[in-house]
2 protein chains.
Amino acid sequence: MDEDEARVRLLDAAERLFYRRGIQAVGMDELRAAAGVSLKRLYQCFGSKQELVEAYLRRRDGRWRAALFAYVDEHSATPEDRPLAVFDWLHAWCADPDFRGCAFINSFGELGAVSDGVAQAARDHKQAVHEHILDLTRALCVTDPVALAAQLLLLVDGAITTAAISGDPEAARHARHAAQILIAAATVPSGAVRS
Amino acid sequence: MDEDEARVRLLDAAERLFYRRGIQAVGMDELRAAAGVSLKRLYQCFGSKQELVEAYLRRRDGRWRAALFAYVDEHSATPEDRPLAVFDWLHAWCADPDFRGCAFINSFGELGAVSDGVAQAARDHKQAVHEHILDLTRALCVTDPVALAAQLLLLVDGAITTAAISGDPEAARHARHAAQILIAAATVPSGAVRS
DNA sequence: TTCCGCAGAGAACGCCCGTTCTCTAGACTA
DNA sequence: TAGTCTAGAGAACGGGCGTTCTCTGCGGAA
């Protein structure tokens, strides 16, 4: 087996297991078995569990944002639709049976105090999402796109954690509705006001 | 030493250590040392670590809500002030140097998938906070206090997690501002509209 | 064919953790 | 005072984990 393929299989297994059960609950041997890779190969690809965890988080960050903003691009006709499409995607995600909250919030809660790498990965992820949302609010006719983006980000994180703990994806619907109101309130009046 | 005092000292140590570093990162022996209690006594008070963890979460739930809503009672003159006072308290909490996010979100991320007791404690906590906030919105002249409470709860959780990961308590300020807008939008127009 | 190198399987190692057990010393009772 | 009971200190135990090591067998080069 190729080393590149081993890396992919390990990261796939890591994403599945770490996200579902938590990082410390999954041992390297279980991971190795799930990936169908020898322990020797595992430590050739990733020098330590710490390294594998950070690689998992970095890859998940990229994929998660790509999936979200691909959806936003595809499902919104106007700049006004785009922030709301974020919450539509969130609702679908939260309704997924495998959904178990935000991988970064979870791993930050589990290891953020103990591992700088994990804490930094969580910060980087949230920062990157923040900048994406800022791009969306900057495309609107609003008085303060920075403040609006900060507010929408709160709704995103709130919806994800609330849906995770309660098990009810409706949180994303509530967040969408709140976002609608906040966007309307921030929009500079240049015609009819949407309800 | 009294058994009751041992319980208190153990729960105090548990709260300090589990919250700061995470549950699995703190061993029973370190906890025993921090509490100044013998291992034998520890296992007399709590039959297992699981039991101690759940007791820690239950006690923290009660204390956290009591502190929050005592502040709300004290720092708000009118029913309209009360929801906003929630976010003032949150801001002060998030600015505390020991702040490390929501103990329930953190422990849910760490152990929620593996321990039913932890997951249930997190659900119970969020449910209880939800009901408190519902009491606040029901005291307002709003069209749909249930929907508004759900929205405010998203802002609460979003502010806590964002402040925890970014390390910046300003998230609570943004949440307060968003709450103001959402409350205004939900208020039935019966006079002057507040800015 | 023979030799070399590498990959896989899994045993081994050292450490840590949750939990239990043992030993000792002191306090209380008759 | 003698006997008993209890609490504390910490050793011990069993198991799991991250990581490394060993052994075996196969594939390719000379």
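Letters A, B, ... mirror the listed sequences (proteins, then strands); counts begin at 1.
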Under 4.0 Å, heavy atom to any atom of DNA chain C: which of residues 111-118 of chain A qualify?
none
Work out which heavy atom in A/Phe104 is nearest to a heavy atom in A/Ala121; give both atom names and the distance.
CD2-O, 4.0 Å
Are B/Asp12 and B/Arg59 ion-paired here, with the side-chain N under 4.0 Å from a carboxylate O?
yes
Does anything in residues 25-56 of chain A come within less than 4.0 Å of DNA chain D? Heavy atoms only, and list the residues if so.
A/Val26, A/Gly27, A/Met28, A/Leu39, A/Tyr43, A/Ser48, A/Lys49
Of all residues at least two apart in sequence or in a different chain, which pass the side-chain contact (heavy atoms from CB on, under 4.5 Å) check with B/Leu10?
B/Leu31, B/Ala35, B/Val37, B/Leu42, B/Cys45, B/Phe46
Using a 4.5 Å cut-off between side-chain heavy atoms of Ile, Leu, Val, Met, Phe, Trp and Tyr, which other residues end up in the same hydrophobic cluster as B/Ile165?
A/Ile105, A/Phe108, A/Ile165, B/Ile105, B/Phe108
Partners meeting salt bridge (Lys or Arg N to Asp or Glu O under 4.0 Å) with A/Arg41 (sequence neighbours left out):
none
In whole Å, what is the span from the CD atom of A/Gln24 to the P atom of C/dG18?
11 Å
Paired with B/Arg123, the side-chain hydrogen bond (donor to acceptor under 3.5 Å, both in side chains) test is passed by just one of B/His125, B/Gln120, B/Gln127, namely B/Gln120
Provide the start and end nucleotides, 5' to 3', of the part of DNA chain D that has atoms under 4.0 Å from heavy atoms of chain A.
D/dG18 to D/dT20
I'd like to know whether [atom1] of [X] has more than 12 heavy-atom contacts from other residues, nucleotides or ligands below 6.0 angstrom.
X: B/His130; atom1: NE2; result: yes
X: B/Asp116; atom1: CG; result: no
X: B/His132; atom1: NE2; result: yes

Side chains of B/Arg173 and B/Asp88: closer than 4.5 Å at any heavy-atom pair?
yes
